[in-house]
Protein chains: 2
Amino acid sequence: MTSTTVLRRFNRTYTQRIGALDESFLGLGMPLASARLLFEIGTTQPVTVQELRARLGLDSGYVSRLLRGLESRRLVALSPDPADRRRRVAALTAEGARLLEDLDERSDDLAARLLEPLSERQRARLADALATADLLVRAATIAFEVVDPASPDARLAMGHYFAELDRRFEGGFDPGPLTEADLATMRPPGGTFVLARSDGEVVACGGVQALGDGVGEVKRMWVDDGWRGAGLGARMLRRLEDDAAALGHTVVRLDTNATLTDAIALYERSGYAAVERYNDNPYAQRWFEKPLTAPAAAARRPRG
Amino acid sequence: MTSTTVLRRFNRTYTQRIGALDESFLGLGMPLASARLLFEIGTTQPVTVQELRARLGLDSGYVSRLLRGLESRRLVALSPDPADRRRRVAALTAEGARLLEDLDERSDDLAARLLEPLSERQRARLADALATADLLVRAATIAFEVVDPASPDARLAMGHYFAELDRRFEGGFDPGPLTEADLATMRPPGGTFVLARSDGEVVACGGVQALGDGVGEVKRMWVDDGWRGAGLGARMLRRLEDDAAALGHTVVRLDTNATLTDAIALYERSGYAAVERYNDNPYAQRWFEKPLTAPAAAARRPRG
DNA sequence: ACGATTGTCTGACTAGAGTCAGACGAATGA
DNA sequence: TCATTCGTCTGACTCTAGTCAGACAATCGT
């Protein structure tokens, strides 16, 4: 059976038997849309109406009406945003928080009842399978996006990167101040900066800068800890190679620290060959290079 | 993380990102309910309206209207059932079959596109995880039901059982004719017959008969080949023990053939002890017994 | 033969989930 | 400062998805 077939078969089973988990939101005299909205407000307490609309992908009028319904039941409180009085921010009332907890508990009960007929061992097996599926499904739906390296999200991602190096290097890591000149290297022409997002959250990043003479350098590649083992690093690297090729580079280089063994393994798996030191990065102990033949079409599908 | 938590987390991920697979039914100017109905008709070509109603759990009036809609688009053809002219049977027209194929293809495409960002290895891992989850979720939602041993489904299940013995015994197996007297042993008082169904399909069975003196015997226990490894045998056995206890038995016995090693392992795992031959079944080489203490409350949760 | 039951259909509803076109006040830019 | 844009709200819709109460004909049980 192909994975497509398995996915579709699973989908049928799932929607038939577990789809009802959502409807556990129901049963408290609350339409699903309202419950979802309430839930969304609950996750990020004070939140603008605008944000809610974007996150749930709903019409402004619709959200407005739903909110009014929740407000009239005293489940959420709406107040104008002092920073911009056109905006309104929503927050749960005590009663709203209580209801949300209640819904949560019901959902838990329903899930527990679903699992009840299984033995401990089977439940563990199912949990394991679902955790794997969860990770991979999330990984499959990650969106890559070119952003300016000076944008807040890019800075955030690089901050994560530096913090990780600081944790992993024996003597720590000091990136120095992020200068505008440094950021400018990762802009066209010659450079780029790519973010990977899951649910809007930044989960990986990477940049390319031009070293001149058709040579690009991969920099600041980082993958969130929670995403290890999902192949995200390989995808980011491939993406950066594609982008480097599109920017006119024919070779990419990169340097790395000897302690980053997982990264080194990735580079070797991805067709990088060790080369001599090509820069004076004091934190680098290993240098790699890879020719970019066709626009990375050959590298597009890894051999699995 | 408990399995409940994992299930709920997965549910969120899933409905957010893959729930859309269903809506691929959409996009051809067809409401979901109609598409589901069309799909259901497609799986078992000539099917009565009654059957459709039962399978989709819909109101008779609603189904009638939906069918009329499909009929007016010439996607299905309705005709009275010659066997009972109150009933109407639905079948796809050529056009309906074509549309269904089209929807199927779209759904396939969507699934493929979803998996596209993953590497071969990841896809294989995901397929594996989903297949496991599929089996276990189906297993968790299997319904047990006491039926009369003379009912068509019970006969069908026993037929499967006999056919399997015939396949697995060296010299084959001849059950002889299924006499009414034989069936009567698996009826109250003293006896019972239990079916397990998944999606209405019979996937396991088992019976209890009274041997007298508070002793019950487990008979005709069978689990469908496709359901091995889902713990269904253990659950059926537990259920039969519970029922036997409820019928007043304090001990259950059973016999089996030495070639059925998986069954023997199950009995031993479930607390059965080997005893001397207690009957003259020519196909039996091993005999087991288990005391039923409290109403099998102790056996309700296997030790995993 | 005839009353009860069964299978399907019709008409009249309801509720949920959105969509679309403005209205209106607050903020912004030239 | 004044036209424009932005964020929210309102009113008037539409489309699904379903429920409920009968109506009607075919069939079954006695």
Side-chain angles (χ1 to χ4, degrees), chain A residues 15-16 19-20 22-41 46-73 75-91 103, chain B residues 15-16 19-20 22-41 46-73 75-91 103:
Chain A
T15 49
Q16 262 177 32
D22 271 352
E23 275 132 56
S24 72
F25 277 149
L26 234 114
L28 220 64
M30 168 155 292
L32 211 130
S34 302
R36 272 203 311 237
L37 194 57
L38 192 69
F39 196 88
E40 202 60 45
I41 296 171
V47 60
T48 66
V49 175
Q50 198 178 16
E51 176 76 15
L52 289 172
R53 226 185 309 146
R55 284 216 295 246
L56 295 169
L58 298 175
D59 177 88
S60 70
Y62 189 30
V63 170
S64 174
R65 232 178 302 271
L66 288 173
L67 279 174
R68 208 151 42 96
L70 292 174
E71 197 181 19
S72 75
R73 295 204 224 175
L75 298 174
V76 311
L78 289 164
S79 51
D81 183 345
D84 180 344
R85 300 201 21 240
R86 286 171 302 181
R87 274 202 285 252
R88 304 239 283 157
V89 291
L103 290 173
Chain B
T15 48
Q16 262 176 33
D22 271 351
E23 275 132 57
S24 73
F25 277 149
L26 234 117
L28 219 64
M30 168 156 292
L32 212 129
S34 301
R36 273 204 309 238
L37 194 57
L38 193 68
F39 195 87
E40 202 60 46
I41 296 171
V47 61
T48 65
V49 174
Q50 197 179 16
E51 175 77 15
L52 290 172
R53 225 185 309 146
R55 284 215 296 246
L56 295 169
L58 298 175
D59 177 88
S60 70
Y62 189 30
V63 169
S64 174
R65 233 178 301 271
L66 288 173
L67 279 174
R68 209 148 45 94
L70 292 174
E71 197 182 18
S72 75
R73 295 204 221 174
L75 299 174
V76 311
L78 288 164
S79 51
D81 183 345
D84 180 342
R85 299 196 26 236
R86 285 171 304 184
R87 274 202 286 252
R88 304 241 282 157
V89 291
L103 289 172

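Lettering follows sequence order; numbering is per chain, from 1.
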Q. To the side chain of A:R85, which of C:dC9, D:dA26, C:dA27 is closest?
A.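 Nearest to the side-chain atoms of A:R85, counting from C-beta on, is C:dA27.
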Q. If you check every side-chain atom of B:R87, which of C:dG16, D:dT16, C:dT8 has the closest atom?
A. C:dT8
Under 4.0 angstrom, heavy atoms only, what part of the nucleic acid is [X] near: base, sugar-phosphate, or nothing?
X     : value
B:D59 : base
B:R65 : base
A:L66 : nothing

What are the two closest heavy atoms between [X] and [Y], and how far apart are they?
X     : Y     : answer
A:L66 : A:A33 : CD1-CB, 4.0 Å
A:V63 : A:L37 : O-CD2, 4.4 Å
B:L38 : B:M30 : CD2-SD, 4.4 Å
B:A90 : B:L78 : CB-CD2, 3.6 Å
A:S60 : A:R53 : CA-CD, 3.2 Å

Q. B:G61 or A:S60: which one's nearest nucleotide on DNA chain D is closer to the 5' end?
A. A:S60
Rounded to the nearest Å, what distance is computed from the [atom1] atom of residue [X] to the [atom2] atom of nucleotide [N]?
X     : N      : atom1 : atom2 : answer
B:L70 : C:dT8  : CG    : P     : 16 Å
A:L32 : C:dA15 : CG    : C1'   : 13 Å
A:L67 : D:dT8  : CG    : P     : 10 Å
B:L52 : C:dC9  : CG    : P     : 11 Å
A:L58 : D:dC9  : CG    : P     : 14 Å
A:E51 : D:dG7  : CD    : C1'   : 14 Å
B:D84 : C:dT8  : CG    : C1'   : 11 Å
A:L56 : C:dG18 : CG    : C1'   : 13 Å

Q.
Nearest heavy atom decides the nucleotide; on that basis, is B:Y62 or B:Q50 closer to the 5' end of DNA chain C?
A. B:Q50
Q) Mapping A:D81 and A:A33 to their closest nucleotides on DNA chain C, which lands nearer the 5' end? A) A:A33
Does a side-chain N or O of [X] approach OP1 or OP2 of [N] to a distance below 4.0 Å, or not?
X     : N      : value
B:R88 : C:dC9  : yes
B:R53 : C:dC9  : no
A:R68 : D:dT10 : yes

Q. For the base of C:dT6, is there a side-chain donor-acceptor partner from B:R86 under 3.5 Å away?
A. yes
